[in-house]
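Input: a single structure, listed below in structure tokens.
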Amino acid sequence: MRITVIGGGYVGLTTGVCFAHLGNEVMVVEKIPQKVELLKKGRSPIYEPGLEELLQENLREGRIHFTTDLREGLEFSHVIFICVGTPQKPDGSADLSQVEEVARETAKLMKSYKLLIEKSTVPVNTHKLIKRTVQRYLKDPNIPYDVASNPEFLREGSAIEDFLKPDRIVVGVESQRAKEIFEKLYKDFDCPIIYTDPATAELIKHASNSFLAMKISFINMVADLCEKTGADVKLVADGMGYDKRIGRAFLNAGIGYGGSCFPKDVKAFIRMAQDYGLNFGLLREVERINQERPAKFVEKLKKVLWSLKDKKIALWGLSFKPNTDDIREAPSIKVAELLIKENALLSLYDPKAMENFKLLFPEGKQINYAKDPYSAVEGASALLILTEWEEFVKADLGKVKELMELPIILDGRNIYEPQEVKALGFEYYPTGR
Ligand code: UDX
């Protein structure tokens, strides 16, 4: 099939590259010319395992194309995926101006049938606003079109795998014509495909993300309780997880969730409920619990070291999760801010995210970036683990101990077994264990 993807960000790029990989012909429309130039050369503007290789393969096969021109994109295909950003407004609601712009500009250029598909996470009933906008700006009001919702559930760091092997595909459609396009599009996928109305599809996405965030905040409170009582949160999560009604996934306690989705989507969900006259207080607590994680973590460090002033503190992991260079809403940002306030000296290391972090925290008197995990800990009074990169899991802790001034580890991701680390002579403070 021929497919047009509007927006070359995380979701758009993965969608485009993966559909091309499945044998379709894809045109990605991206506004930023520098990004298009980069992509045409087979370079990915974001770090995502496997993405660049797949991009290059499909460029070679001539299955993927990039343009800045929306008209070209619309002439290419009648299947249009809208993958533009839906950032957060100061009041917590989703900023849908990019979605509105795509709907408006598409309508102005439309000459024949188009299926407009929302892939970005949007508040329920956004499809109605898209439809109203398209209808208003159409040159000829009789041109047929459909608006559908086909939310994307991919995670950063495993985006390709998540796209190609999803747990389920959700499709919200209103016409048989649109449904048949999706049936063709997803014919080679062997997961459950849920056909429903667009509002339900939109809500499935938002509710899923909020629910997962709720699991994380729940287990993080249980972790605090474990620390007070001597119980082990990892075993509590295992014990709970065997219950099929609960499930073990997303019960890893730690420093809290970050990224471009959970913090924003929880806020938007609260806000959306409020717009419909409902108080989703449960999610306000989810958010509050998450927001206090970094401060609690730094408080723990202060208790251990008494004063942080002029002490070298090593931070391993700056991205909001492993296998990405993304630092949006990463707990590391709050932790770094709090440590700077305490006049600590920060020694930072991350396998992929240091360049992005430098934009927020330039190198200076209090901030130093290390070339590898070992030079980061040299002379440090404590090591804080903020992201569970494989490189840290496999690190030579014997060497780490020799290099540090004090052998103290605070683990915000529970990557080590307490007995083993303590046996090496570390003072080890995991989360909730
Ligand atoms: C999430 C959703 O999982 C995905 O379906 C959606 O499409 C986009 O948002 P992503 O933000 O890429 O994906 O990462 P995810 O793996 O879900 O992790 C989000 C955050 O939660 C990370 O900061 C992670 O460290 C944290 N997390 C996750 C925990 O703290 N504990 C867990 O058990 C799981």
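Start at 1 and go down the list; that is how both ligands and their atoms are numbered. Just so you know, these numbers use all the heavy atoms, side chains as well, and skip hydrogens, waters and symmetry mates.
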Contact check, [X] vs ligand 1, heavy-atom distance below 4.0 Å:
X: G254; value: no
X: E329; value: no
X: C261; value: yes
X: K215; value: no

Legend entry - Heavy atoms from other residues, nucleotides or ligands near CG of D91 exceed 12 (cutoff 6.0 Å): yes
Legend entry - More than 12 heavy atoms from other groups under 6.0 Å of NZ on K300: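 More than 12 heavy atoms, drawn from other residues, nucleotides or ligands, come within 6.0 Å of this atom.
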Side chain, backbone, both or neither: which applies to [X] and ligand 1 if a contact is any heavy-atom pair less than 4.0 Å apart?
X: E48; answer: neither
X: L251; answer: backbone
X: N252; answer: both

Legend entry - Nearest heavy-atom neighbours spanning F297 and D411: CE1-C, 4.1 Å
Counting only nitrogen or oxygen atoms and a 3.5 angstrom limit, does [X] reach ligand 1?
X: F320; value: yes
X: Y257; value: no
X: L154; value: yes
X: S260; value: no

Inset, instruction - Determine, considering heavy atoms only, which of F153, F262, F163 sits nearest to atom 5 (O) of ligand 1. - result: F153
Inset, instruction - Please examine the side chains of L384 and L339, heavy atoms only from C-beta on, and report whether any two atoms are closer than 4.5 Å. - result: yes
Legend entry - Min side-chain heavy-atom separation L406-L305 under 4.5 Å: yes
Residue, atom name and distance, where the atom is the protein heavy atom closest to [atom]:
atom: atom 14 (O) of ligand 1; result: K321 NZ, 3.1 Å
atom: atom 12 (O) of ligand 1; result: E156 N, 2.6 Å
atom: atom 3 (O) of ligand 1; result: R155 CG, 3.2 Å

Legend entry - N290 side-chain N/O to V286 backbone N/O, donor-acceptor pair under 3.5 Å: no
Inset, instruction - Check the angle between the aromatic planes of F81 and F182 and answer parallel, tilted or perpendicular using the 30° and 60° thresholds. - result: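 Rings of F81 and F182: perpendicular, as their planes differ by over 60°.
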Legend entry - Sidechain N-carboxylate O distance under 4.0 Å for K321, E156: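 Salt bridge between K321 and E156, a charged N being under 4.0 Å from a carboxylate O: no.
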Inset, instruction - Going by the side-chain contact (heavy atoms from CB on, under 4.5 Å) test, name the single residue among I80, T133, V84, V29 that passes it with V102. - result: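 It is V84, the one option of I80, T133, V84, V29 that forms the side-chain contact (heavy atoms from CB on, under 4.5 Å) with V102.
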